[in-house]
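Below: the structure, in structure tokens.
Atom set for the values below is all heavy atoms of this structure, side chains included, hydrogens, waters and symmetry mates excluded. Here the structure is a predicted model, which is why all the values come from computation and not from measurement. Sequence lines set the chain letters: A, B, ... in the order given, protein chains first and strands last, and positions in each chain run from 1.
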There are 2 protein chains.
Amino acid sequence: MELLQGTLDMLVLRTLRAGPLHGYGIAKNIRSASNEALDIEFGSLYPALKRLEMKGWIASAWETSEHNRRAKYYKLTAAGRKQLLREHSKWADFVSAVSRIMGPAPEVKG
Amino acid sequence: MELLQGTLDMLVLRTLRAGPLHGYGIAKNIRSASNEALDIEFGSLYPALKRLEMKGWIASAWETSEHNRRAKYYKLTAAGRKQLLREHSKWADFVSAVSRIMGPAPEVKG
DNA sequence: TTCTTTATATAGAATCTCTTAATATGGAAC
DNA sequence: GTTCCATATTAAGAGATTCTATATAAAGAA
């Protein structure tokens with residue numbers, strides 16, 4: 001599923017709240033946590049991780065993965081934690097505003 | 001407020017469901033219907049209207065507005081109505097998937 | 001005649017996501 | 001040993017949408 005622009009960063013930060021994880025793991029985590037509804041493309045994810053690190057919201061370190069491969073582990077910084085709160089709150093406001101206009105979702109068609 | 005990419009078209013279609021309206025009116029309508037939360041920029045709206053018309057989801061005609069000015073009135077086509085259903089349903093699915101991951105919105109800070 | 005509101009349009013920048021492809025290694029299967 | 005699959009990262013380029021800024025124009029009020 002294509003993501004709406006702007007949600008990826010938030011989803012990544014939220015996923016890292018549970019602890020450090022490498023890129024591949026983040027993507028798998030989001031995918032399974034959403035019941036396969038959200039499929040993160042690596043071509044979107046890695047630029048996003050770079051972005052988030054440049055902004056100081058996550059920090060990275062090379063380590064060995066649980067499958068004995070080298071992998072870059074990312075973890076939330078204190079600033080990232082605050083950013084996550086801001087983004088979550090903003091997202092909730094946005095969804096609420098859009099829902100006010102859209103009304104109840106249409107019936108699922110056979 | 002910045003819109004998430006992809007929601008503008010849906011909001012426009014939804015607004016036109018109530019009847020034909022010109023661009024300026026659509027923007028004002030969305031703004032007030034969202035309690036001033038969603039502020040549509042004209043630089044986003046007019047390209048969107050062009051896009052929607054090219055796709056056959058809306059049709060336009062020049063008329064005289066309620067303030068006696070020339071204005072281009074847009075109305076939903078049958079295809080636009082179907083498209084609106086699709087987009088609304090997809091939006092609901094997306095919000096549901098993201099919410100599953102994000103959990104409850106954070107408390108509002110003073 | 002000046003200001004505010006109504007009304008449309010376009011160019012260009014900024015941003016994000018997606019497609020595609022390249023690279024590399026560990027472990028299992030054969 | 002070598003082939004295949006899952007794991008893991010990276011980068012280039014395209015595509016799409018939104019935003020900033022600007023130009024134009026006319027009705028009506030002051």
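Between B:R51 and the phosphate of D:dT18, there is a side-chain N or O to OP1/OP2 separation shorter than 4.0 Å.
Among residues two or more places apart in sequence or in another chain, the side chain to side chain contact (heavy atoms under 4.5 Å, CB included) test is passed with A:A92 by B:A105. Residues satisfying the side chain to side chain contact (heavy atoms under 4.5 Å, CB included) test with B:D9, not counting sequence neighbours, are B:A48, B:R51, B:L52, B:E87.
Under the 3.5 Å distance criterion, the side-chain polar atoms of B:T64 are left unmatched by any main-chain donor or acceptor of B:R69. With hydrogens and angles disregarded, no donor-acceptor distance shorter than 3.5 Å links the side chain of B:S65 to the backbone of B:R70. B:T15 places a side-chain N or O within donor-acceptor distance of the main-chain N or O of B:L11, the cut-off being under 3.5 Å. Panel note: side chain A:R100, backbone B:S34; a donor-acceptor pair is recorded below 3.5 Å.
The 5' end of DNA chain D is approached more closely, in terms of each residue's nearest nucleotide, by A:S65 than by the other of A:S65 and B:G6.
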(message) Protein within reach of the bases, or only the backbone? For nucleotides 24-29 of chain D, mark each nucleotide 5' to 3' as B, S or -, using heavy atoms under 4.0 Å.
(response) --BB--

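Checked against A:S60 for a side-chain hydrogen bond (donor to acceptor under 3.5 Å, both in side chains), the options A:H22, A:E53, A:K50, A:K75 give a single hit: A:E53.
Going from atom CD of A:Q5 over to atom P of C:dC18 covers 8 Å, rounded to whole Å. In this structure, B:L45 atom CG and D:dT18 atom P are separated by 10 Å, rounded to whole Å. If you measure from atom CD1 of A:I40 to atom P of D:dA8, you get 17 Å, rounded to the nearest angstrom. Atom-to-atom, CG of B:D39 to C1' of D:dT18 comes out at 13 Å; the value is rounded to the nearest Å.
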Below 3.5 Å between N/O atoms, which protein atoms pair up with nucleotides 10-12 of chain D? Just atom names and distances, please.
| unit_1 | atom_1 | unit_2 | atom_2 | d |
| --- | --- | --- | --- | --- |
| D:dT10 | OP1 | A:K72 | NZ | 3.0 |
| D:dA11 | OP2 | A:K50 | NZ | 2.4 |

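Between A:W91 and B:F94, the angle of the ring planes goes over 60°, which puts this pair in the perpendicular group of the 30/60° scheme.
Only at 4.0 angstrom or more do the heavy atoms of residues 14-34 of chain A sit from any atom of DNA chain C, so none qualifies.
For residues 49-70 of chain B, no residue pair satisfies the ring-ring contact (aromatic ring centres under 6.0 Å, His included) rule, not counting sequence neighbours.
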